[in-house]
Undergrad: 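Mind having a look at this structure? Questions to follow.
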Amino acid sequence: MKEQPKSCDTFVVLPNLTQDNRVIFGKNSDRPRHEVQEVVYFEGKKHEPDSTVQCTYITIPQVPETQSVILSKPSWMFGAEMGSNGCGVVIGNEAVWSDYKSHESDVKRLLGMDLLRLGLERSTSAKSAIDVITDLLESYGQGGPCDKNDAGFSYFNSFIIADPIEAYVLETVHNVWVVERITSGYRNISNVYSIQTKIDFHSKNLFDEAKATGKWNGSTDLNFAAVFGSSNDGTVSKGDGRYAAGKALLQNHTSDKKFNLDSMTMILRDKMSGICRDCYNSFPTASSQVSLLSAEHLNIHYFTGTPDSSVSVFKPFVFAKSSKNELTTLTKSPETEDGKHDLYVKHEAIYPILKSKNADGTKLRQQLRRLEELCFTEMNQVMLTTDKDLVEDRLGITFNKAVDLEIELYQ
């Protein structure tokens with residue numbers, strides 16, 4: 001088995017530990033160095049009977065109606081690494097490896113990223129997203145190359161799925177799945193199985209498949225991570241650096257029960273832990289997302305759309321009447337071989353200066369932080385409204401405007 005990259009982290013903090021009683025979700029998407037990640041919006045709509053949807057590798061039946069979604073996704077595939085829908089559901093996924101039926105991950109079925117996008121398009125709550133994804137998993141299975149240029153790079157998937165009320169961790173091996181419900185505190189996932197004996201929901205075949213591994217005889221509580229985890233990448237019980245580092249950061253930043261947007265961005269930008277990776281890494285942090293979710297007020301979503309969150313700008317997006325006009329081609333990949341969108345091109349060109357310690361680099365980083373602070377400040381006012389029918393001129397600084405201002409700083 002080839003060496004497996006340690007990449008990606010997803011986090012969620014529940015209202016009992018947050019400053020504004022919101023659910024706060026965050027994810028870094030680490031992807032192969034050559035790959036571009038786009039930030040795109042798809043309007044919800046009704047579909048004709050018997051219509052289908054072409055996923056990355058297979059075609060499946062379409063549902064009668066889909067939700068509006070914003071996605072941060074590798075430009076070449078149907079699916080997404082992370083995103084949200086207009087109902088306040090957010091999902092992030094992680095690659096995980098198992099010794100059991102590992103060959104099944106090579107067969108072209110639904111990618112974990114396809115499952116994520118379909119879960120957002122077809123759900124109105126975190127629990128309904130769980131139902132959507134697990135039904136698809138049981139009907140079509142998961143698998144196929146997860147890198148456009150590496151047919152041997154495939155894996156199973158774990159997810160954090162959240163809404164303004166609660167969160168879930170969903171972990172899968174082929175068509176076997178388990179769910180842990182999170183109603184308070186915090187949770188993170190990385191590139192190891194992390195659900196142990198707290199299993200709130202599971203597939204019907206779980207126990208039979210667990211016995212088939214030879215690691216469980218049915219006489220003790222089933223530890224999912226220990227039974228299905230890979231001996232190559234380690235389970236939680238053996239210790240995993242990224243998972244442990246993310247958990248420690250969450251513990252530290254939630255200790256005062258005032259966890260907020262700044263807290264999550266600090267975690268996503270943490271270099272010491274390896275949670276944030278620069279553009280020179282073989283698996284850089286390709287894009288990042290933070291979402292602030294509330295049952296009473298508007299949900300605010302922030303996306304970078306550029307690599308290395310430590311020198312990127314988190315730009316705000318709100319589902320509103322003007323959402324369909326909100327995202328321009330600046331973060332949409334063109335149909336070219338490299339798929340580099342305008343914002344990516346500008347960021348890539350200026351990146352050596354952003355990373356430098358000279359006066360020009362310092363000045364540019366300070367300017368980008370001021371732009372981000374402007375975004376955060378203006379969205380603080382929007383966060384307090386209950387008006388779900390906001391139009392663009394009442395949103396303050398929009399995603400489009402923030403991208404325009406960021407590109408101006410790169411000129």
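Because the structure is a prediction, the values reported are computed rather than measured. Hydrogens, waters and symmetry mates are skipped; everything else that's a heavy atom, side chains included, is used.
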Undergrad: Step by step, would you call Lys315 with Leu343 a side-chain contact (heavy atoms from CB on, under 4.5 Å)?
TA: CA-CA 12 Å; Lys315 298 167 284 291; Leu343 179 61; 3.9 Å; yes
Undergrad: Would you say the side-chain atoms of Ser72 and Glu38 include a donor-acceptor pair closer than 3.5 Å?
TA: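 No pair is found: no donor N or O on one side chain lies under 3.5 Å from an acceptor on the other.
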Undergrad: Does the pair Glu372/Arg269 count as a salt bridge with the N-to-O cut at 4.0 Å?
TA: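 The answer is yes: the pair qualifies as a salt bridge.
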Undergrad: Taking atom types as modelled, find out whether Asn260 and Ser263 have a side-chain donor-acceptor pair closer than 3.5 angstrom.
TA: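 Yes, a side-chain donor-acceptor pair sits under 3.5 Å.
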Undergrad: Side chain of Gln289, backbone of Lys27: donor and acceptor closer than 3.5 Å?
TA: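 Not at all, since once roles are kept as given, no pair shorter than 3.5 Å links the two residues.
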Undergrad: How close do Ile300 and Val318 get, heavy atom to heavy atom, and via which atoms?
TA: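 Between these two residues, the closest heavy atoms are CD1-CG2, 3.5 Å.
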Undergrad: Would you say Thr304 and Thr285 make side-chain contact, with heavy atoms under 4.5 Å?
TA: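 No; the side chains remain at least 4.5 Å from each other.
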Undergrad: Can I get a per-line list of side-chain donor-acceptor pairs under 3.5 Å for residues 206-214, giving both atom names and the distance, sequence neighbours left out?
TA:
unit_1 : atom_1 : unit_2 : atom_2 : d
Glu209 : OE1    : Tyr100 : OH     : 2.5
Glu209 : OE1    : Lys101 : NZ     : 3.4
Thr213 : OG1    : Ala210 : O      : 2.6
Thr213 : OG1    : Lys215 : N      : 3.1

Undergrad: Please lay out, stage by stage, how Arg277 and Lys271 fare under the test side-chain contact (heavy atoms from CB on, under 4.5 Å).
TA: CA-CA 7 Å; Arg277 294 178 166 190; Lys271 293 284 191 178; 5.9 Å; no
Undergrad: Please name the pair of heavy atoms, one in Asn281 and one in Arg33, separated by the smallest distance, quoted to 0.1 Å.
TA: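 Answer, listing the atom of Asn281 first, then Arg33: O-CD, 3.5 Å.
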Undergrad: Could you tell me whether Glu166 and Arg181 make a salt bridge, using a distance below 4.0 angstrom between a side-chain N and a carboxylate O?
TA: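 A salt bridge links Glu166 with Arg181.
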Undergrad: Indicate yes or no for a side-chain donor-acceptor contact from Ser139 to the backbone of Leu136 under 3.5 Å, with no hydrogens or angles considered.
TA: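 Looks like no, no N/O pair under 3.5 Å.
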Undergrad: Using only atom types and a distance under 3.5 Å, with no angle test, would you say the side chain of Ser273 pairs donor to acceptor with the backbone of Ile275?
TA: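 A pair under 3.5 Å: yes.
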Undergrad: Which atom pair, heavy atoms only, marks the closest approach of Lys73 to Gly79?
TA: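 Between these two residues, the closest heavy atoms are CB-O, 3.2 Å.
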Undergrad: So do Ile267 and Thr265 actually touch side chain to side chain, heavy atoms under 4.5 Å?
TA: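 They are not in side-chain contact.
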Undergrad: So, Thr329 and His341: side-chain donor and acceptor under 3.5 Å apart, yes or no?
TA: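 Thr329 vs His341: no donor-acceptor pair found between side chains.
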Undergrad: Under the criterion side-chain contact (heavy atoms from CB on, under 4.5 Å), I'd like the reasoning laid out for Lys346 against Glu406: C-alpha separation, chi angles, the key distance, then a yes or no.
TA: CA-CA 9 Å; Lys346 298 295 185 183; Glu406 185 179 358; over 6 Å; no
Undergrad: Taking the six-membered ring of Tyr57 as reference, does the cationic atom of Arg109 (NZ for Lys, CZ for Arg) lie under 6.0 Å from its centre and within 45° of its axis?
TA: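 No - Arg109 does not lie over the ring of Tyr57 by the 6.0 Å and 45° rule.
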Undergrad: Please examine the side chains of Leu293 and Ile24, heavy atoms only from C-beta on, and report whether any two atoms are closer than 4.5 Å.
TA: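 Counting from C-beta outward, Ile24 and Leu293 never come under 4.5 Å.
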Undergrad: For residues Phe376 and Tyr302, establish whether the separation of their ring centroids is below 6.0 Å.
TA: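 Between Phe376 and Tyr302, the centre distance is under 6.0 Å.
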Undergrad: Measure across Pro307 and Ser312 and return the closest heavy-atom pair with its distance rounded to 0.1 Å.
TA: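 Reported closest heavy-atom pair: O-OG, 2.9 Å.
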Undergrad: Between Ser68 and Gly44, which heavy-atom pair has the shortest distance, and what is it?
TA: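 The pair with the smallest heavy-atom distance is OG-N, 2.8 Å.
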Undergrad: As an exercise, state the distance from NZ of Lys247 to CZ of Arg187, rounded to the nearest 0.5 Å.
TA: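 Between Lys247 NZ and Arg187 CZ, I get 8.0 Å after rounding to 0.5 Å.
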Undergrad: Quick check: do Ile91 and Ile133 have side-chain heavy atoms less than 4.5 Å from each other?
TA: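 A side-chain contact under 4.5 Å exists here.
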Undergrad: Output yes when Lys45 and Glu65 qualify as a salt bridge under the 4.0 Å nitrogen-oxygen rule, no when they do not.
TA: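 Glu65 and Lys45: not salt-bridged.
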Undergrad: Under the salt bridge (charged side-chain N to carboxylate O under 4.0 Å, His left out) test, which residues partner Glu138, sequence neighbours left out?
TA: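 Partners of Glu138 under the salt bridge (charged side-chain N to carboxylate O under 4.0 Å, His left out) test: none.
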Undergrad: Can you tell me which residue among Trp177, Tyr193, Trp216 is in a ring-ring contact (aromatic ring centres under 6.0 Å, His included) with Phe224?
TA: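 The ring-ring contact (aromatic ring centres under 6.0 Å, His included) with Phe224 is passed solely by Tyr193 among Trp177, Tyr193, Trp216.
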Undergrad: State plainly whether the residues Arg117 and Glu121 are in salt-bridge range, i.e. N to O under 4.0 Å.
TA: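 Salt bridge flag = yes for Glu121 with Arg117.
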Undergrad: Hey, is Asp308 close enough to Lys355 for a salt bridge, meaning N to O under 4.0 Å?
TA: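 A salt bridge is present here (some side-chain N lies under 4.0 Å from a carboxylate O).
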Undergrad: Please check if the number of heavy atoms outside Glu337 that lie under 6.0 Å from its CD is greater than 12.
TA: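 12 or below, so no.
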Undergrad: When you check the side-chain N and O atoms of Thr124 and Gln67, is any donor under 3.5 Å from an acceptor?
TA: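 Checked: Thr124/Gln67 side chains show no N/O donor-acceptor pair below 3.5 Å.
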Undergrad: Phe399 and Phe314: aromatic ring centres closer than 6.0 Å?
TA: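 Between Phe399 and Phe314, the centre distance exceeds or equals 6.0 Å.
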Undergrad: For the pair Tyr168 and Phe201, name the ring-plane relationship: parallel under 30°, tilted 30 to 60°, perpendicular over 60°.
TA: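 Correct class here is tilted.
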Undergrad: Judged by atom type as modelled, is there a donor-acceptor pair below 3.5 Å linking the side chain of Ser309 to the main-chain atoms of Ser288?
TA: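 No: the side chain of Ser309 does not pair with the backbone of Ser288.
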Undergrad: Could you tell me whether Lys363 atom NZ has more than 12 heavy atoms of other residues or ligands within 6.0 Å of it?
TA: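 No - once you tally the heavy atoms of other residues, nucleotides and ligands closer than 6.0 Å, there are 12 at most.
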Undergrad: For the residue pair Phe319 and Phe317, does the interplanar ring angle fall in the parallel (under 30°), tilted (30 to 60°) or perpendicular (over 60°) class?
TA: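 Rings of Phe319 and Phe317: perpendicular, over 60°.
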Undergrad: Are the aromatic ring centres of Tyr344 and Tyr410 under 6.0 angstrom apart?
TA: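 No, they do not, as the ring centres are separated by 6.0 Å or more.
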Undergrad: Given the side-chain rings of Tyr186 and His253, with only the six-membered ring counted for Trp, is the space between their centroids under 6.0 Å?
TA: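 When the ring centroids of Tyr186 and His253 are compared, they turn out to be at least 6.0 Å apart.
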Undergrad: Should the pair Arg242-Asp9 be classified as a salt bridge under the 4.0 Å nitrogen-to-oxygen rule?
TA: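 The answer is yes: the pair qualifies as a salt bridge.
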